[in-house]
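Per chain, numbering begins at 1; letters A, B, ... match sequence-line order.
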Number of protein chains: 2
Amino acid sequence: MAFSRLNDDELADRALDVFRNYGYEGSSLSRLAESAGLEKASFYYRYPGGKKDIALAVAARVSAWFEENVVEPLKGAGPLPLRVNRVAQRLRKFYGDGSQPCVLDTLSLRGGPPELQAALADALQAWVAAFTSIALESGFNRIEAVRRAQQAIINIEGSLVLSRVSANPGIFLRTLAGLPAFLARP
Amino acid sequence: MAFSRLNDDELADRALDVFRNYGYEGSSLSRLAESAGLEKASFYYRYPGGKKDIALAVAARVSAWFEENVVEPLKGAGPLPLRVNRVAQRLRKFYGDGSQPCVLDTLSLRGGPPELQAALADALQAWVAAFTSIALESGFNRIEAVRRAQQAIINIEGSLVLSRVSANPGIFLRTLAGLPAFLARP
DNA sequence: GTCTATATTAAGATAGAC
DNA sequence: GTCTATCTTAATATAGAC
């Protein structure tokens, strides 16, 4: 295994996939190392603090993902609904078309360190802020804009739970389809 | 510990609390046994199949909880919004005022047997059906009633995730407050 | 029906070779 | 920077006393 090693971002992406599917406690170091194609000892070399460290790296990666795939695309040119729709497609992919749990939801389950909870809360806050900006730009007043942003994320998170538990992606995909009209009124 | 033993329902309630906070894989038998105030060996006496068995018992208990606290109260007498509000208060308590994860969400994470996933999907389906009945009784046509029922549960599950991750129960409590008007239009 | 005791396997973590 | 080897602790599971 001297070749085909993964860089830090790729490694965090693999770990993200383990964490969101098993929760914090359910993600054993063996599983995390295996998902990275590494022996446990090599894993400790990269993340001396073990599971805590890689979980924090995953939280940072999640924040970076939202910056790159939600905050930035929303700032781009073009009509508002079209920009929102671009973000909806990124979210669709991020959540595996409704088959993958949200890492904010499941990595925040009991067992992780307080810094992890704080980092996940920050990532969520950035998401709300990005959606709020769009609702403001769309003409809603501040109170209504924040309400819409929160409700849009409630819709995404809630429909994801329903889709996943009932093994019916349609609910999640329909929610995403309605996102542009909901956040950026025509 | 010859006295103060818990019956099956009480035991399942304790296990439910462990499962929803740690997910399936993250809930060790040691933790489950400890939460029940039993030694591991005693736990195996009651649930010979170990974690799988108690998880299935928890899923059955969840179904029973929805039957008793959602389906039945909605059938009671009184104005529709008042009945829905009674259910909202039960849900508020069930979810620890927005501090406790939903067991449908987190017990369905990877690791559990297929029968568990099926049982949790059934419980969710019963919830949707109960809310659909209310929306129908309230005057919505069938398609809109199903949509409202699903959306009401999306609101609950989604706002619970937001409240929990951001440690802000307000979002969840506000969603519950709006439930009667949403499901049973005045 | 619950306990103590114990066996086996997996998880968490480090040392040292390459 | 990754590996094998090893240690320690925890998890899973069973046997047998009470």
Discussion item. Looking at A:Gln100, I'd like to know if its CD atom is crowded, meaning that more than 12 non-hydrogen atoms belonging to other residues, nucleotides or ligands lie closer than 6.0 Å.
Written reply: yes
Fill in: Of the listed nucleotides C:dC3, D:dC3, D:dT12, the one nearest the side chain of B:Glu39
C:dC3
Worksheet item: Looking at C:dT2, D:dA5, D:dT12, which one has an atom nearest to any side-chain atom of A:Ala41?
Response: D:dA5
Worksheet item: Given C:dA10, is OP1 or OP2 found less than 4.0 Å from the side-chain N or O atoms of A:Arg31?
Response: no
Worksheet entry | Nearest-angstrom distance from the residue atom OH of B:Tyr45 to P of C:dA5 | 22 Å
Worksheet item: Does a salt bridge link B:Arg14 with B:Glu10, judged by any charged N lying under 4.0 Å from a carboxylate O?
Response: no
Discussion item. In this structure, how many angstroms lie between the C1' atom of C:dA13 and the CG atom of A:Asp53, rounded?
Written reply: 13 Å
Worksheet item: Which whole-number value in Å describes the distance from A:Leu32 CG to C:dA10 P?
Response: 17 Å
Worksheet item: Taking only N and O in the side chain of A:Ser30, is any of them less than 4.0 Å away from OP1 or OP2 of C:dA11?
Response: yes
Item to complete: Quickly work out the B:Glu34 CD to D:dA10 C1' distance and round it to whole Å.
Response: 13 Å
Worksheet item: When the distance from OH of B:Tyr47 to P of C:dT2 is rounded to whole Å, what number comes out?
Response: 10 Å
Fill in: Distance (rounded to the nearest 0.5 Å) between A:Glu68 CD and A:Ser63 OG
12.5 Å
Practice prompt. May I ask you to say what A:Lys40 touches in the nucleic acid, namely base, sugar-phosphate or nothing, with a heavy-atom cut-off under 4.0 Å?
Written response: base
Discussion item. Rounded to whole Å, please give me the gap between CG in B:Leu29 and P in D:dT14.
Written reply: 11 Å
Practice prompt. Could you check B:Arg164 against A:Ser108 for side-chain hydrogen bond (donor to acceptor under 3.5 Å, both in side chains), going step by step and ending with a plain yes or no?
Written response: CA-CA 8 Å; B:Arg164 198 167 43 76; A:Ser108 64; 3.2 Å; yes
Worksheet item: Which whole-number value in Å describes the distance from A:Phe43 CZ to D:dG1 C1'?
Response: 14 Å
Fill in: Straight-line distance of B:Ile156 CD1 to B:Cys102 SG, nearest 0.5 Å
9.5 Å
Practice prompt. Looking only at side-chain atoms of B:Leu38, point me to the closest of D:dC3, C:dT2, D:dT12.
Written response: C:dT2
Worksheet item: Under 4.0 Å: is that the gap between some side-chain N or O of A:Ser28 and OP1 or OP2 of C:dA11?
Response: yes
Worksheet item: For the pair made of OH in B:Tyr44 and P in C:dG1, what is the distance, rounded to whole Å?
Response: 19 Å
